[in-house]
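Please read the structure below before turning to the comments.
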Amino acid sequence: MSKYVPAILAVLALAALPALAKPNFSGDWKLNTSKSTFGQMPAPDSMTHKITHDDPKLSTVTKQSGQMGEFEMHASYTTDGKESTNEGFQGSTTKSVAKWDGDTLVIDSKGQFGDNEFTMTQKWTLSADGKTLTVVQVFKSAMGEGEAKLIFDKQ
């Protein structure tokens, strides 16, 4: 029986390979406000993400409307832990590092909004069927701390 052990281990290793593949977040995503939680922040009226993901490159176009008005933001990251700089809300600059933690993409950002410095950590996960993107955001600034859980449906 011991002569079969290497073959069995090889089959098990091959079966595990798909589990090692990183999620691909590419697609058009629409915020499901009824499933999302916003903490102390007001919920937007609408939000969409257009994501292009060819690992390690990741780019997003976010459109949002709500109490703070309408805006569109473009961001580019690499998932290999290198720092990226993007223009944020109302011309602010944000520096981010994106890296994988298993099959979760973690994006740590630092920036400034007016005179207020902030940090934000986003954790992106994709459902097994690839139809739901969950983004948990934890943010901190001199104005306070908060957490939001954003649920996006693939369009």
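Positions are given from 1, in the same order as the sequence printed here.
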Problem set entry | Modelled atom types, side-chain donor and acceptor of Asp45 and Ser65, under 3.5 Å | no
Problem set entry | Validation row: Thr62, Met47 side chains within 4.5 angstrom (heavy atoms) | yes
Exercise. Is the number of heavy atoms from other residues, nucleotides or ligands within 6.0 Å of CD (Glu72) greater than 12?
Worked result: yes
For this session: Kindly say whether Lys35 contributes a backbone atom to a donor-acceptor pair with the side chain of Asn32 at under 3.5 angstrom?
Result: yes
Exercise. Which value, rounded to the nearest 0.5 Å, describes the distance between Asp129 atom CG and Lys131 atom NZ?
Worked result: 5.5 Å
Problem set entry | Polar side-chain atom of Thr37 near backbone of Ala148 as donor-acceptor pair, under 3.5 Å | no
Problem set entry | Leu150 and Phe38, any side-chain heavy atoms less than 4.5 Å apart | yes
Seminar exercise, completed: Between the CD atom in Gln64 and the OG atom in Ser46, the distance rounded to the nearest 0.5 Å is 7.5 Å
Exercise. Does a donor on one side chain and an acceptor on the other come within less than 3.5 Å for Thr60 and His49?
Worked result: no
Exercise. Side chains of Thr132 and Phe152: closer than 4.5 Å at any heavy-atom pair?
Worked result: no
Exercise. Measuring from Ser26:OG to Asp54:CG, what's the distance to the nearest 0.5 Å?
Worked result: 7.5 Å
For this session: Answer yes or no: is there a side-chain heavy-atom contact under 4.5 Å between Lys149 and Thr134?
Result: yes
Exercise. If you count the non-hydrogen atoms of other residues, nucleotides and ligands that lie under 6.0 Å from NZ in Lys123, is the total more than 12?
Worked result: no
Exercise. Under a 4.0 Å N-O cut-off, is there an ion pair linking Lys30 with Asp153?
Worked result: no
Exercise. Do Thr125 and Leu105 come within less than 4.5 Å of each other through their side chains, counting heavy atoms only?
Worked result: no
Seminar exercise, completed: Closest heavy-atom pair, Ser141 versus Asn116, reported as atoms and distance to 0.1 Å, is OG-ND2, 3.3 Å
Problem set entry | Derivation and outcome, salt bridge (charged side-chain N to carboxylate O under 4.0 Å, His left out), residues Lys50 and Asp28 | CA-CA 5 Å; Lys50 180 173 184 63; Asp28 293 315; 3.4 Å; yes
Exercise. Is the CD atom of Glu83 crowded by more than 12 outside heavy atoms at less than 6.0 Å?
Worked result: yes
Exercise. How many angstroms lie between OG in Ser109 and CE in Met120, if you round to the nearest 0.5 Å?
Worked result: 5.0 Å
Exercise. Taking the side chain as C-beta and beyond, is there a heavy-atom pair between Pro44 and Leu31 under 4.5 Å?
Worked result: yes
Problem set entry | Interatomic spacing from CD in Gln122 to CG in Asp108 - rounded to 0.5 Å | 9.5 Å
Problem set entry | side chain to side chain contact (heavy atoms under 4.5 Å, CB included) partner of Val135, the single match among Trp29, Trp124, Phe25 | Trp124
Problem set entry | More than 12 heavy atoms of other groups within 6.0 Å of Gln155 CD | yes
Exercise. Can you tell me if Thr94 and Asn86 form a side-chain donor-acceptor pair at under 3.5 Å?
Worked result: no
Problem set entry | Verdict with supporting geometry, Lys82 and Tyr77, side chain to side chain contact (heavy atoms under 4.5 Å, CB included) | CA-CA 8 Å; Lys82 294 179 183 171; Tyr77 308 95; over 6 Å; no
Problem set entry | Reported OG-to-NZ distance for the pair Ser96 and Lys110, which is rounded to 0.5 angstrom | 11.0 Å
Exercise. Where do Val106 and Trp100 land on the side chain to side chain contact (heavy atoms under 4.5 Å, CB included) test, with the steps shown first?
Worked result: CA-CA 6 Å; Val106 179; Trp100 291 105; over 6 Å; no
Problem set entry | Check: Leu58 and Pro56 side chains under 4.5 Å, non-hydrogen atoms | no
